[in-house]
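Report on the following structure.
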Amino acid sequence: MLKAFGSANITAPSYAQCRGPREVAFIGTFGEGVLSPERTDIRDTRCLVLIGSHLGENMHNGQVQEMSDAIDKGATIITVDPRFSTAAGKSKYWLPIKPATDMALLLAWIHVLIYENRYNRSFVEKHTYGFDELKAHVASYTPEWAYGITTIKPDLIRKTAYEMAGAAPATIVHPGRHVTWYGDDTQRLRAVAILNALLGSWGQRGGFYNPDKVHIPHFKSPKYPKPKHTWREAFPGKYKLADMALASGICDATIPSIERDCSLKAWIVNGTNLLSTLPDKKKTIEAIQSLELLVVIDTMPMEITGYADVVLPECTYLERYDMLRSSPHREPSIALRMPAAEPLYDSKPDWWIAKELGIKLGLEKYFQYDNIEEVLDWQLKQLGSSLDEMKKIGVKKFPREFDDLYMDLNEDFEFNTNTGKIELYATSFDDEGYDPLPVYKEHEQPPEGYYRLIYGRAPMHTFSRTTNNPNLSELMDENTLWVNPKVAKTWDLKNDQYIWLENQDGVSSPNSIKVRITERIRWDSVYMVHGFGHTDRRLSRAFKRGVADSDFITRVHVDPVMGGTGMRGNFVTFLFNAPSVGKGGKA
Amino acid sequence: MRYAMAIDTKKCVGCSDCVVACQLENDVPEGYCRDWIVEITTGTYPDLQTEIRSERCNHCANAPCVRCCPTGASHFEDGGIVLVQPNECIGCKACIAACPYDARYVHPDGYVDKCTFCLHRVKKGQQPACVAVCPTKCLYFGDIDDPRSKISLLLKKRKWKTLIPEAGTDPKIYYLI
């Protein structure tokens, strides 16, 4: 509907607030992104390195299933995290790193692989570009240098580097998923990509496989008009390597500015609670107030629906057909998403909402069907199946087009980069004026009496969307603040005590949070699960339960390469009484 | 035939899918559960260990709940599964006091309820609901009298423990460690 209307401003927070930096870093190195679902061959890996990635709590199902398979097969797990995560509890090595210093560790690992001759020499010689530049670049990044920064002992840095090298090429230095932390995230993920290249794990069993997917034909429709404006015009000369639209960028492009002639006037928000997903709530609200029209399509009253001029109630995924799912994977497959129950109330499926809006906008020529079943059946028939068949089987697998799940190392291979090689030295970064080799930059550490706010996920909840679900809220109905016992002693905090938080900018939250004193978190950080602290009374189970981490993420470190919003540079302190004015909680 | 369950603590991530699957499969009333997740952390930062495990009725061979039941409502089924016959239960809670695993609760309808190993599914050749949904495949259900069953092989190959062995109940939930 948006494309038919002439808009190219279609975006999801899963890019600039999440996995964007890793895609740009891997494209810059290998000429291809990590994609979603990830092309990580976890099932067959012998060494899985997780850097701040909390698989198991982040219940990314395929990856969690494969991590379990890998544990069964005796794979080594190395976890880097200031928090003793569930994955850390399954790891042979846990590196309790000082937050915001990961780059130093990665560079030290690269140093060890190169200077102690543990890298995959034949792979590097045949397939990579810029090894000599990289070698010179990391000369001084020794484990001893990194120790002073990361607090990880040099022998542990070496031992884990040897472990990775010993298992290579069946080693995955996992690119993670939510990686927008400190603003130099693309560069950090470049270091991750370089490590994988040195280990020769790209294109190899137990490393990164080459995914394949089914291309689903487009249902007949006239050509979409060329958009008059795009979000990019709001950022002349910035974020040049972003390969998708930025959800945060849409906000920036909405707030009128004298520096540009374009500003967005209307949003349609579908199934994303922007007040909770985007950092810097104040800016999001300013953008919303600059709009002439905000339409929100959602299944429940979320914070964002409260700001809408019009709310269109959508039925849940269990009550509607969605478009066919085709995911890149080892085996190409398609999946049908069909209703299991009739929609309740006046809620409608999104395809119906889009079509009806389209007709009202005079765009009926783009919607030449009566219902979605017609479109799905037509698409499925082009693929040699049918809606009837898919209703019975749900998922259909297809053969790969080529026998190229893994790279044949004896063959010449042209990568989709400027040099045709895996670029240890990223020429595309150089061209745009970004560091072609990742550089360590010091990040701010918390001031006295403040603690770095780290947030993450609980396996039973899907962001802020499920906290009102009766079964799931029973499992976890509020988030807690993880506090190290040493910190608790200093502040005389007790387990299960409710406290308030205030960040470095004096922003506090009207809701209080329960203290959980645990050895599982470093003394310079606190941790909470994302997705709580709902402010809509109609979410009867979730209303005012716990605290929203996003309330405190007022300082955003924007990644100059692709516009990702670094959110881990915020610090909180404890309040024992409710703050008189909840500046952060007005939403 | 002796039904038992082995739970691989090396793989369990504590996602609680087993808990919800059981509640929905067995129509467990809101606010109650027949299985649950326990997380135990030992040590001090940074020398830590965490064990995460899914717990439920241990279907003990020497079950104090069966022994102390005045009406015979708590009883053994074929395969050693410990069950409660709701219409014979008088809600005296002697079994709740006797169970060292805190596996039983009083159903709002007045009888004592707990894990049945999903006997109704097992009879149809299916796995218990918790086992069927586990994304990490860390739950193994089977016959430990059959030396070739997956669970027997696992118990032979892996180190395991039971909970509160000193209670002498001979529990049939084995934790692979």
Side-chain angles (χ1 to χ4, degrees), chain A residues 54-72 74 77 81-91 93-97 151-153 156 457-461 466 469-476 482 484-487 516-523 525 541, chain B residues 6-55 105 129-140 150 153-154 157-158 176-177:
Chain A
H54 58 331
L55 283 181
E57 288 157 287
N58 163 11
M59 207 63 197
H60 240 89
N61 225 314
Q63 293 194 68
V64 175
Q65 288 176 24
E66 292 202 13
M67 182 168 79
S68 184
D69 292 341
I71 292 171
D72 253 346
I77 303 177
D81 204 313
R83 187 176 65 94
F84 190 69
S85 60
T86 296
K90 317 268 179 221
S91 298
Y93 299 99
W94 170 46
L95 280 57
I97 195 163
T151 72
I152 305 298
K153 295 206 170 91
L156 187 54
R457 299 182 64 184
M460 48 290 265
H461 283 298
T466 57
N469 176 293
N471 287 92
L472 303 181
S473 72
E474 224 177 86
L475 295 173
M476 185 181 187
W482 294 29
N484 182 281
K486 282 187 192 144
V487 176
R516 174 188 176 182
I517 301 171
T518 173
E519 292 284 354
R520 292 177 60 189
I521 183 76
R522 254 179 89 104
W523 56 89
S525 307
R541 295 175 197 87
Chain B
I7 299 175
D8 193 342
T9 62
K10 297 272 184 216
K11 295 202 291 183
C12 177
V13 295
C15 72
S16 309
D17 272 10
C18 50
V19 180
V20 178
C22 172
Q23 289 170 325
L24 298 179
E25 172 71 26
N26 295 299
D27 215 3
V28 177
E30 211 176 312
Y32 298 88
C33 57
R34 291 179 178 184
D35 57 351
W36 60 94
I37 297 291
V38 171
E39 178 215 301
I40 294 164
T41 300
T42 48
T44 50
Y45 199 100
D47 298 309
L48 294 169
Q49 300 83 41
T50 294
E51 181 175 296
I52 302 175
R53 58 178 190 243
S54 170
E55 290 191 5
Y105 67 95
C130 55
V131 179
V133 301
C134 177
T136 65
K137 289 171 268 170
C138 76
L139 305 177
Y140 301 89
K150 174 96 183 164
L153 295 173
L154 272 172
K157 198 174 92 183
R158 294 274 302 269
L176 304 174
I177 50 176

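Below, chain A is the first sequence line, B the second, and so on; all start at residue 1. Values below: every heavy atom of this structure, side chains too, minus hydrogens, waters and symmetry copies. On a predicted model such as this, the values are computed, not experimentally measured, just so you know.
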Check your understanding: If only atom types and distance count, is the side chain of A/R520 paired as donor or acceptor with the main-chain N or O of A/F84 below 3.5 Å?
Key -> yes
Check your understanding: Taking the side chain from B/R53 and the backbone from B/I7, do they hold a donor-acceptor pair closer than 3.5 Å?
Key -> no
Point to revise | Interface moiety of A/M59 toward chain B, non-hydrogen atoms closer than 4.5 Å | key: side chain
Practice item. Please flag which part of B/T41 lies under 4.5 Å from any non-hydrogen atom of chain A: side chain, backbone, both or neither. Key: side chain
Review point. Which region of B/L24, side chain (C-beta onward) or backbone (N, CA, C, O), has a non-hydrogen atom less than 4.5 Å from a non-hydrogen atom of chain A, or is it both or neither?
Key: side chain
Point to revise | Region of B/D8 that comes under 4.5 Å of a non-hydrogen atom in chain A | key: side chain
Study note, to complete from the structure: The interface call for B/E39 against chain A, heavy-atom contacts under 4.5 Å, is side chain
Revision key, fill the gap. Interface check, chain A: of B/V19, B/T9, B/T136, most non-hydrogen pairs under 4.5 Å belong to B/T136
Check your understanding: So, does A/W94 use its side chain to make a donor-acceptor pair with the main chain of A/D81 at under 3.5 Å?
Key -> yes
**Study point:** Region of B/I52 in contact with chain A, defined by heavy-atom distances below 4.5 Å
**Key:** side chain
Practice item. Could you pull out all residues at least two apart from A/H461 that satisfy ring-ring contact (aromatic ring centres under 6.0 Å, His included)? Key: A/F532
Review point. If only atom types and distance count, is the side chain of A/K90 paired as donor or acceptor with the main-chain N or O of B/C12 below 3.5 Å?
Key: yes
Practice item. State whether a side-chain donor-acceptor pair under 3.5 Å links B/Q49 with B/T42. Key: yes
Point to revise | Flag, side chain of B/K11 to backbone of B/L139, donor-acceptor distance under 3.5 Å | key: no
Study note, to complete from the structure: Ranking A/E474, A/K486, A/E57, A/Q65 by heavy-atom pairs under 4.5 Å to chain B gives rank one to A/E474
Study note, to complete from the structure: Bottom line for A/L55: the part with an atom under 4.5 Å from chain B's heavy atoms is neither
